[in-house]
4 protein chains.
Amino acid sequence: MQSRSPASRTGRPRSAAADAAILAATRAALVELGWSKLTLGDVATRAGVAKTTLYRRWAGKNELVVDAVAELFDELELPDSGSLAADIEGVVLQFATILARPEARSGLMAVVAESTRDDALRERIRESIVNRQKRLVVEGRTRAQARGELPPETDPSESARTVDLIFDVIAGAVVHRALVSAEPVDATWAWSLTALLLNGLAAAAAV
Amino acid sequence: MQSRSPASRTGRPRSAAADAAILAATRAALVELGWSKLTLGDVATRAGVAKTTLYRRWAGKNELVVDAVAELFDELELPDSGSLAADIEGVVLQFATILARPEARSGLMAVVAESTRDDALRERIRESIVNRQKRLVVEGRTRAQARGELPPETDPSESARTVDLIFDVIAGAVVHRALVSAEPVDATWAWSLTALLLNGLAAAAAV
Amino acid sequence: MQSRSPASRTGRPRSAAADAAILAATRAALVELGWSKLTLGDVATRAGVAKTTLYRRWAGKNELVVDAVAELFDELELPDSGSLAADIEGVVLQFATILARPEARSGLMAVVAESTRDDALRERIRESIVNRQKRLVVEGRTRAQARGELPPETDPSESARTVDLIFDVIAGAVVHRALVSAEPVDATWAWSLTALLLNGLAAAAAV
Amino acid sequence: MQSRSPASRTGRPRSAAADAAILAATRAALVELGWSKLTLGDVATRAGVAKTTLYRRWAGKNELVVDAVAELFDELELPDSGSLAADIEGVVLQFATILARPEARSGLMAVVAESTRDDALRERIRESIVNRQKRLVVEGRTRAQARGELPPETDPSESARTVDLIFDVIAGAVVHRALVSAEPVDATWAWSLTALLLNGLAAAAAV
DNA sequence: CACTAATCGAGACGGTACGTCGAGTCTTTCA
DNA sequence: TGAAAGACTCGACGTACCGTCTCGATTAGTG
């Protein structure tokens, strides 16, 4: 989020409502216009706020959109459907549902694109989005271990590498399927991906 | 590429050199400036060409960059290293090498981002990039079948679905690892991904 | 008019029809668009001629329009209505009629405006328009002298100065009235101007 | 001048200095480049102002130049030299002096030329230039009447017609002489014109 | 009759300016 | 002193014409 000067006791305090209004307006504008046609002046107008106010709180378009988009992915939840396979399948479909929303598609890819040249932005994305959602993989594995579907981990660094791999494969495959290949992420495809993953992991564990 | 009125016998013909100069200038500008700061006026200047010439041939920034980026991926080749595992690993590392180049990173993600709101652009990407590189997966499987590493396919539609799945998983995972997670795509990681894939496929085939 | 390289005996001769078509198209375009929105490309299209053909014959917009406008004023004629007063009045009204046509208004003023910075153009206007119409004043005086309304001239240089003065006053006043003051040049006004002139000349002659 | 939304209390007020700088820059550019090569971008640069600021205040080239040129003619003054003849001669020579300046020649004729197709512009010229300078004729007659050189007027509408006629004749003749005939407006010529006018008026009054 | 050289149409070329738009900053007045 | 309003500078946009150029295809005269 944005920071503010620490010790400003005096003066008119910043409107708390403004922040929410601006982020909501940003998402609404993303839906209607997409990233490239979204203008900060327009966001300010929609939010009933002066452009100055907006610039006082965010450094620019990228930062604003990261914040507006990040919380979209917070609604992802591990369904706990009783089996690891069903858990994965559920998350995949949830993720696809979110990516079906135009503000999520446009916003996510736009900030990722910008981050290819802006390290600070990339770090912001890692914090706000990537690492935040990695919890799903960790939690899924924990549950599967509790159910006895997966063996308990032994090597912690090997374990972290596996989490990263799984996350990149799931998130990458879903995004690529949905946005680049432009094919539907439906139950059939989700099941295929799940099967591939589980079989791959099981075989690896068997080694 | 851009198309032109089909049978225009008369008039001064378009300069063939201009096309190449423009695409090269586009890639150079992408390296230096990145997508968002790249201007068509600047590209025209670098190419030693008038802005009008550029607009006569491409509809806009997106179309131009797709064409400029697409051929970057044409240098991908299946190494034929004797085993399916080595083939996959080789392609993954080649892909990562290309994505390490700034013009490829910025350009690819930028056009994908724009394509989330522009169906024509998405189709152009599918034609120029996605489907063109899917050949690698098909060829890899053919070779593996020839070697006996994979069984011959029986159901052709099932076969096409598998190609798509593999492609989305490999391309998606590499892109996500490189650009979103921002972790290195090195030999270790490539081997892990390859192992996951091969084990998954083998187990699926065993069913 | 335009000139051509003197000794070109061989080769395809220039189309005579093209010249007329171009001048007519120029006048038509002046009516519809006015000077500033008239483009040579459009004139060429209207004339069914390539831009190259047009540029081969005229140096630019100004030269073309001078030629196109000049002949509009050739239809001015001294009515010979039996008295000097009626002659003047007739010419004034004829002049006003021509100036009521949009191509004459726009074209004449546009080239005059351009000529304020282009001596060659000013000279061309003098030759093609101003001096050509000065004949009307000379002829009117000759007739009036024949009728005994004006005394025969004695000093030829004084005589030339008077012709110039009369011409500037008549042409200037009519143009100013019609185009700058934007008031109608009707019979009443024409009579007032004529009276002013004749009285002024008579009193001067009486000295 | 340009107008603005009437009661806008809030917001940053328009810079008063910018107006003057823009008009001065316009006149300077007219001197150097003339009407047709004058570009609004260049004017903005000279004035140290952004192009948008210029467009916010004037609708286009024509409107801007009318305003810039109009005040050039405000320096015209009736000399009050003791006789009507000397007054007229003085004004004629003053007018010629102004028309000798390139920005006045180019600017005046250019806007008049444009006004032949643009009624709003013509009206603007009438207000800003024509009617404003007609005061000179009115004042000259008033003084002459006070001196007894001219009889007091009886019919007011007849009187207005005479003012218009005199104005068209003087202004038209001077402009025509200076810009179309391209002959010098010197004392000799000024005296001839004055004599013609005064004799004509005197004879008319004698009727 | 073929040759030849300048013409013709068409339209792409390198330029220049257009008028608009958005970014981000600055300067007011109001609360 | 924060917030709204809106003018400010800056720079890119995509378009329109400019005047030039390169084409292939016509035309006369000339040889």
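Note: hydrogens, waters and symmetry copies are ignored here, and every other heavy atom, side chains too, is used. All chains are named by letter (A, B, ...) in the order of the sequence lines, taking the proteins before the strands, and each is independently numbered beginning at 1.
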Whether B:Glu114 and B:Arg124 form a salt bridge (side-chain N of Lys/Arg under 4.0 Å from carboxylate O of Asp/Glu) is what I want to check.
no

Contact summary for B:Leu33 and B:Arg46, nearest pair of heavy atoms:
CD1-NH2, 4.0 Å

Is there a donor and acceptor pair closer than 3.5 Å between the side chain of B:Arg12 and the base of F:dC21?
yes

First of A:Lys61 and B:Thr53 reached from the 5' end of DNA chain E, by closest nucleotide:
B:Thr53

Starting from C1' on E:dG19, measure out to CD on D:Glu63 and report it in whole angstrom.
14 Å

Tightest non-hydrogen contact, residues B:Gly34 and B:Ser106, listed as CA-OG, 4.3 Å

State, yes or no, whether a side-chain contact exists between B:Thr116 and A:Trp35 at a heavy-atom distance under 4.5 Å.
no

Between C1' on F:dT15 and OH on B:Tyr55, what's the gap in Å once rounded to a whole number?
9 Å

In short, C:Met109 meets D:Met109 closest at the heavy-atom pair CE-CE, 3.4 Å

What residues from residues 44-52 of chain A pass a heavy-atom cutoff of under 4.0 Å to DNA chain F?
A:Gly48, A:Val49, A:Ala50, A:Thr52

To check you understand the geometry: which heavy-atom pair defines the closest contact between D:Ala68 and D:Glu71, and what is its length?
O-CG, 3.8 Å

Using heavy atoms and a sub-4.0 Å distance, could you list which residues of residues 28-42 of chain D are near DNA chain E? By number, please.
D:Thr39, D:Leu40, D:Gly41

Out of the candidates A:Val111, A:Val69, A:Thr26, only one should pair with A:Leu64 under the side-chain contact (heavy atoms from CB on, under 4.5 Å) rule; please name it.
A:Thr26

Of F:dC8, E:dA23, F:dA3, the nucleotide closest to the side chain of A:Arg56 is F:dA3

CZ of D:Arg14 versus C1' of F:dG6: gap in Å, rounded?
10 Å

C:Ile22 has an atom CD1; how far is it from atom C1' of E:dT7, in whole Å?
13 Å

Which atom of A:Ser115 lies closest to which atom of B:Leu179, heavy atoms considered
OG-O, 4.3 Å

Between atom CZ in C:Arg57 and atom C1' in E:dG9, what is the gap in whole Å?
13 Å

Toward the 5' end of DNA chain F, which comes first, B:Gly60 or D:Ala18, by nearest nucleotide?
D:Ala18

For the residue pair B:Lys61 and B:Leu38, what are the closest heavy atoms and their distance?
NZ-O, 2.9 Å

Just how far, in rounded Å, is P of F:dC8 from CG of D:Leu54?
11 Å

Can you tell me the distance, in whole Å, between the CG atom of A:Asn62 and the P atom of E:dA23?
11 Å

